[in-house]
Chemist: 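This structure is in structure tokens; I'll ask about it shortly.
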There are 2 protein chains.
Amino acid sequence: MQPVRLSSKDSILEAAFVLFSRDASASLAEVAAQAGVGRATLHRHFSSRDDLIRTLALVAIDEMDEAVESACANAQSATEVLRLSLAALIPLGDRHGFITQHPIENDAEIAEQFRQADDATREMVEAAKTEGLFDASVSSDWITHVYNALLYAGWESVKQGETTAQQAADLAWRSLTTGLGAAKP
Amino acid sequence: MQPVRLSSKDSILEAAFVLFSRDASASLAEVAAQAGVGRATLHRHFSSRDDLIRTLALVAIDEMDEAVESACANAQSATEVLRLSLAALIPLGDRHGFITQHPIENDAEIAEQFRQADDATREMVEAAKTEGLFDASVSSDWITHVYNALLYAGWESVKQGETTAQQAADLAWRSLTTGLGAAKP
DNA sequence: GCATGATGAGACAATAATGTCTCATATGGG
DNA sequence: CCCATATGAGACATTATTGTCTCATCATGC
């Protein structure tokens with residue numbers, strides 16, 4: 001058994017995700033307290049608030065990329081990539097939320113990486129369209145919006161204890177593809 | 001023609017919605033500047049930052065209630081209420097976003113009002129289920145999550161200029177009920 | 001014109017947040 | 001045991017934000 005305990009740096013990052021996704025104006029003192037480390041230790045690892053925020057964004061993007069890559073290693077189609085990615089991303093909903101609701105327009109590198117991730121989703125959506133997954137008459141922009149929105153809905157559902165991550169992923173996928181209407185007779 | 005110009009107070013509220021939904025840690029100086037009023041004027045109308053945030057939350061809930069009520073005045077069924085509410089709420093997406101992503105747990109009154117609004121949606125969902133709109137085997141909690149998520153997706157789509165509010169409402173409704181899958185042969 | 005009320009600009013003080021520093025301690029490897 | 005490193009606690013200076021105040025200006029209605 002490896003120790004469950006995180007390093008100071010990771011504790012801080014984890015605590016910051018939790019706090020900042022709930023309240024972007026939380027102070028660094030709150031973050032340090034939540035992480036169970038001294039305020040000075042936080043500054044030893046992150047030179048400034050901006051540095052912390054920026055690191056969080058990079059970590060979030062990195063974790064999401066990694067989760068998607070690992071989940072889709074053996075995917076046989078764009079459809080499968082979308083389905084597996086959704087399942088892999090739902091547990092990272094706080095990371096996703098953090099990036100979307102933070103003013104990272106200032107940082108060119110992060111904005112660019114985030115744009116790339118969004119573009120990748122849109123490309124997958126278009127590939128899945130050619131596979132017959134989506135109605136070709138609906139814009140890929142809209143489908144991408146819905147994909148991201150259902151990602152968030154799944155995360156919310158898991159966070160509130162209503163479903164497991166896998167159940168949420170199944171529900172989100174079903175909602176995306178066939179909707180929630182009663183079965184046609 | 002009434003003057004298009006808003007009162008100082010309304011200018012501030014509007015600016016605060018725009019800024020705070022993008023960056024919850026925006027300073028009051030930024031809000032005042034965005035509103036085109038002096039910082040002192042902001043404090044004449046709102047005694048403190050908390051007062052402003054609290055007022056924003058109350059206004060947001062109020063506007064959403066009013067929009068729903070007005071849109072659904074002649075609705076004949078729960079299904080219609082949901083459809084019309086969705087269309088009415090999408091243009092108020094910034095209000096909705098503001099409430100969901102702010103730490104208003106501190107204020108009992110606002111938390112209660114927000115909970116009531118959410119409960120009302122869930123009740124409508126359940127009523128619509130008995131009308132045969134939704135698959136009865138899917139939990140109302142999940143349907144409510146998806147409803148809110150699509151509300152947000154519609155707002156995003158409108159904000160980015162991809163669709164009009166009406167188009168977004170139609171897309172969201174279609175996504176909710178029948179999904180985005182290709183038509184079955 | 002005059003009074004009234006709202007406003008913008010800016011000075012000001014109080015407060016909160018941030019970033020730096022020191023020192024005592026502990027933890028773990030050698 | 002000894003040393004190197006990381007840490008917590010807390011003092012401290014700096015900065016940003018917040019909230020108050022005054023005064024000159026402007027618009028509006030009388």
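Per chain, numbering begins at 1; letters A, B, ... match sequence-line order.
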Chemist: For B:Thr163 and B:Ser157, which I'm curious about, is there any donor-acceptor pair between the side chains at under 3.5 Å?
Modeler: yes
Chemist: Measure the distance from CG on B:Asp23 to P on D:dA16 and round it to the nearest whole Å.
Modeler: 16 Å
Chemist: Grab the NE2-P distance between A:His43 and D:dT7 for me, whole Å please.
Modeler: 15 Å
Chemist: Could you state the CD-P distance from A:Glu30 to C:dA16, rounded to the nearest angstrom?
Modeler: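 Roughly 13 Å, once rounded to whole Å.
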Chemist: State whether A:Asp135 and A:Lys129 are salt-bridged, where the test is any N-O pair (Lys NZ or Arg NE/NH1/NH2 against Asp/Glu carboxylate O) under 4.0 Å.
Modeler: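 Answer for the salt bridge query: no.
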Chemist: Quick one: A:His45 NE2 to C:dG19 P, roughly how many Å, whole number?
Modeler: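 After rounding, the gap between these two atoms is 16 Å.
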Chemist: Hey, which of these two, A:Ser27 or B:Ala40, hits DNA chain C nearer its 5' end, going by closest nucleotide?
Modeler: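 Of the two residues, B:Ala40 wins.
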Chemist: Please report the distance, rounded to the nearest Å, between CG in A:Leu28 and P in C:dA17.
Modeler: 10 Å
Chemist: May I have the distance from A:Leu42 (atom CG) to C:dC21 (atom P), rounded to whole angstrom?
Modeler: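 Atom-to-atom, A:Leu42 to C:dC21, this comes out as 16 Å.
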Chemist: Below the 4.0 Å mark, does D:dT7 have OP1 or OP2 next to a side-chain nitrogen or oxygen of A:Thr41?
Modeler: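 For D:dT7, OP1/OP2 do not have a side-chain N/O of A:Thr41 under 4.0 Å.
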Chemist: Quick check: any donor-acceptor pair below 3.5 Å linking the side-chain of B:Arg39 to the base of D:dG19?
Modeler: yes
Chemist: Quiz question: by atom type and distance under 3.5 Å, do the side chains of A:Asp141 and A:Ser139 form a donor-acceptor pair?
Modeler: no
Chemist: Give the rounded distance in Å between these two atoms: CG of A:Asp51 and P of C:dT18.
Modeler: 14 Å
Chemist: Will you find, in the side chains of A:Gln34 and A:Glu30, an N or O donor that is under 3.5 Å from an N or O acceptor?
Modeler: no
Chemist: Look at the side chain of A:Arg44 against the base of D:dG8 and say whether a donor-acceptor pair falls under 3.5 Å; ignore hydrogens and angles.
Modeler: yes
Chemist: Round to a whole Å and report the spacing from CZ of B:Arg49 to P of C:dA14.
Modeler: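 After rounding, the gap between these two atoms is 22 Å.
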